[in-house]
Amino acid sequence: MQAFKSEEISQLQIVEREELEDEEDLFEAIDKLTSHGINAGDVKKLQDAGIYTCNGLMMHTKKNLTGIKGLSEAKVDKICEAAEKIVNFGYITGSDALLRRKAVVRITTGSQALDELLGGGIETLQITEAFGEFRSGKTQLAHTLCVSTQLPTNMKGGNGKVAYIDTEGTFRPDRIVPIAERFGMDAGAVLDNIIYARAYTYEHQYNLLLGLAAKMSEEPFRLLIVDSVIALFRVDFTGRGELAERQQKLAQMLSRLTKIAEEFNVAVYMTNQVIADPGGGVFISDPKKPAGGHVLAHAATVRLMFRKGKGEQRVCKVFDAPNLPESEAISFCYNYYTILSKHSNHKK
């Protein structure tokens, strides 16, 4: 990719908030409730609870809202009534739904072949899950997306910032530098547009998600990465006796991820581990399946299966997707400095 001139790089880095106002109704700020008869004190209580948009408010049950200190059932009813006047959460026509789909942004993976497989790249408004064994390319793709998300939309980027939640200590900022250089971007500016947090427990992981609403309501984010989504749940819950509770807590966290994707029009990219599948059958030499069970399977919109190929090759297959053929597979090469599609002339 051709490198940009220094004066163009500053323009390429993230646009200001006011320029994003041109996008069609990304979300309605929670403080708009004051113009519908809700006092500022109650709005502040909602913000303290991590609710910064009317869209996000409508994604909470009244039971959850009455659990916020200082909000009675009567107040919650009044707040919800006001929010419904601002945000339409009722039925719309199929034509309107099609118009809303125009807000979807497709972010390039850096690989032409992988982009073709995904129909253009990783999409906003949905969760994309990548599962596979260690060293299969999941985290490397996460690092590449940290950079490509910051490209302008006319270069298949998202023109937005990135939030990265790391549960396994695999984020390496030094790996961002050569990737940024490959895209012709200023590495320092790219790193400044990534907010990073290391999570140590599943509760910490969930609280980090709650804290994102404040940041995403103020700045133009376009990607949230969780690497990996299941690791801390497998550590903090042990044995079959805690399995039901684990799945319930996992479902709550995945629900939060879904709401973030739809509330702020961001892409959620999460990596997942694999477990041995005893029921895989005798004809499968190394049967493995993604961890998390049906709870995780239903939450992810697109599921990608990664595995090692020959040498430095990595193979990605669409495991499940509503609009992509699941039988299609593709191979591409990964290393720390570049991503080469199967169409590359790279010589080994």
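This structure is a prediction, so every number in the text was calculated from the model and none was measured. Values below: every heavy atom of this structure, side chains too, minus hydrogens, waters and symmetry copies.
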Locate the shortest heavy-atom distance separating [X] from [Y]; write the atom from each residue and the value.
| X | Y | answer |
| --- | --- | --- |
| Phe183 | Leu151 | CD2-CD1, 3.6 Å |
| Val302 | Ala321 | CG2-CB, 4.1 Å |
| Ile107 | Gly157 | CG1-C, 4.4 Å |
| Gln126 | Thr128 | NE2-OG1, 3.7 Å |
| Leu65 | Cys80 | CD1-SG, 3.8 Å |
| Ala180 | Val147 | CA-CG1, 3.8 Å |

Any side-chain heavy atom of [X] within less than 4.5 Å of one from [Y]?
| X | Y | answer |
| --- | --- | --- |
| Tyr202 | Met253 | no |
| Ser72 | Lys75 | yes |
| Pro290 | Leu296 | no |
| Glu168 | Gln273 | yes |
| Ile179 | His143 | yes |
| Thr144 | Thr109 | no |
| Cys146 | Val190 | no |
| Asn159 | Thr149 | no |

Other residues, nucleotides and ligands only: do more than 12 of their heavy atoms fall within 6.0 Å of [atom1] on [X]?
| X | atom1 | value |
| --- | --- | --- |
| Lys156 | NZ | no |
| Lys78 | NZ | no |
| Arg307 | CZ | no |

Run through [options] and flag the one making a side-chain contact (heavy atoms from CB on, under 4.5 Å) with [X].
| X | options | result |
| --- | --- | --- |
| Leu257 | Val226, Leu212, Ile165 | Val226 |
| Ile30 | Thr53, Ile51, Ile79 | Ile51 |
| Val76 | Ile68, Leu57, Leu71, Thr61 | Leu71 |

Sequence neighbours excluded, which residues qualify as side-chain hydrogen bond (donor to acceptor under 3.5 Å, both in side chains) partners of [X]?
| X | value |
| --- | --- |
| Thr124 | Asn265 |
| Asp48 | Lys44 |
| Tyr164 | Asp227 |

Any chance you could measure [X], atom [atom1], to [Y], atom [atom2], to the nearest 0.5 Å?
| X | Y | atom1 | atom2 | value |
| --- | --- | --- | --- | --- |
| Phe237 | Leu250 | CZ | CG | 9.0 Å |
| Ser228 | Arg234 | OG | CZ | 8.5 Å |
| Tyr269 | Leu145 | OH | CG | 6.5 Å |
| Ile260 | Leu209 | CD1 | CG | 4.5 Å |
| Arg172 | Thr139 | CZ | OG1 | 10.0 Å |
| Cys54 | His36 | SG | NE2 | 8.5 Å |

Report whether [X] and [Y] are members of the same hydrophobic cluster (ILVMFWY, side-chain heavy atoms less than 4.5 Å apart, transitive linking).
| X | Y | answer |
| --- | --- | --- |
| Val104 | Leu223 | no |
| Val43 | Val87 | yes |
| Ile194 | Ile225 | yes |
| Phe89 | Leu46 | yes |
| Val266 | Tyr206 | yes |

Six-ring centre of Tyr200, Arg198 cation under 6.0 angstrom, axis tolerance 45°: yes
Would you mind listing every side chain to side chain donor-acceptor pair (under 3.5 Å) that reaches into residues 89-102, with sequence neighbours excluded? Thr93-Asp96, Arg101-Glu123
Write out all pairs satisfying side chain to side chain donor-acceptor pair (under 3.5 Å) with one or both partners inside residues 239-251, taking only residues at least two apart or from two chains. none
Under a 3.5 Å cutoff, is there a donor and acceptor pairing between the side chains of [X] and [Y]?
| X | Y | result |
| --- | --- | --- |
| Thr34 | Asp31 | no |
| Thr201 | Asp236 | no |
| Asn272 | Glu129 | yes |
| Arg222 | Gln150 | no |
| Asp115 | Thr108 | yes |

Step by step, work out the side chain to side chain contact (heavy atoms under 4.5 Å, CB included) result for Thr167 and Ile230. CA-CA 9 Å; Thr167 69; Ile230 197 72; over 6 Å; no
Ring centres under 6.0 Å, that's the criterion: do Tyr196 and Phe171 meet it? yes
Could I get the full list of salt bridge (charged side-chain N to carboxylate O under 4.0 Å, His left out) partners for Asp77, not counting sequence neighbours? Lys62
Ignoring hydrogens and angles, tell me if any N or O in the side chain of [X] forms a donor-acceptor pair with the backbone of [Y] under 3.5 Å.
| X | Y | answer |
| --- | --- | --- |
| Thr66 | Lys63 | yes |
| Ser255 | Ala251 | no |
| Thr258 | Leu254 | yes |
| Lys259 | Met59 | yes |

Closer than 4.0 angstrom, basic N to acidic O: yes or no for Lys32 and Glu28? yes
For a side chain to side chain contact (heavy atoms under 4.5 Å, CB included) check, start with the C-alpha distance between Gln205 and Phe233, then their side-chain angles and the critical distance, and finish with the verdict. CA-CA 10 Å; Gln205 185 177 343; Phe233 287 87; 4.0 Å; yes
Test Ile86 against Leu33 for side chain to side chain contact (heavy atoms under 4.5 Å, CB included), laying out the working first. CA-CA 8 Å; Ile86 299 171; Leu33 289 174; 4.0 Å; yes
Before you tell me yes or no, could you show the steps for Met270 and Ile127 under side chain to side chain contact (heavy atoms under 4.5 Å, CB included), namely the whole-Å CA-CA distance, both residues' side-chain angles and the distance that decides it to 0.1 Å? CA-CA 7 Å; Met270 63 183 189; Ile127 295 176; 3.6 Å; yes
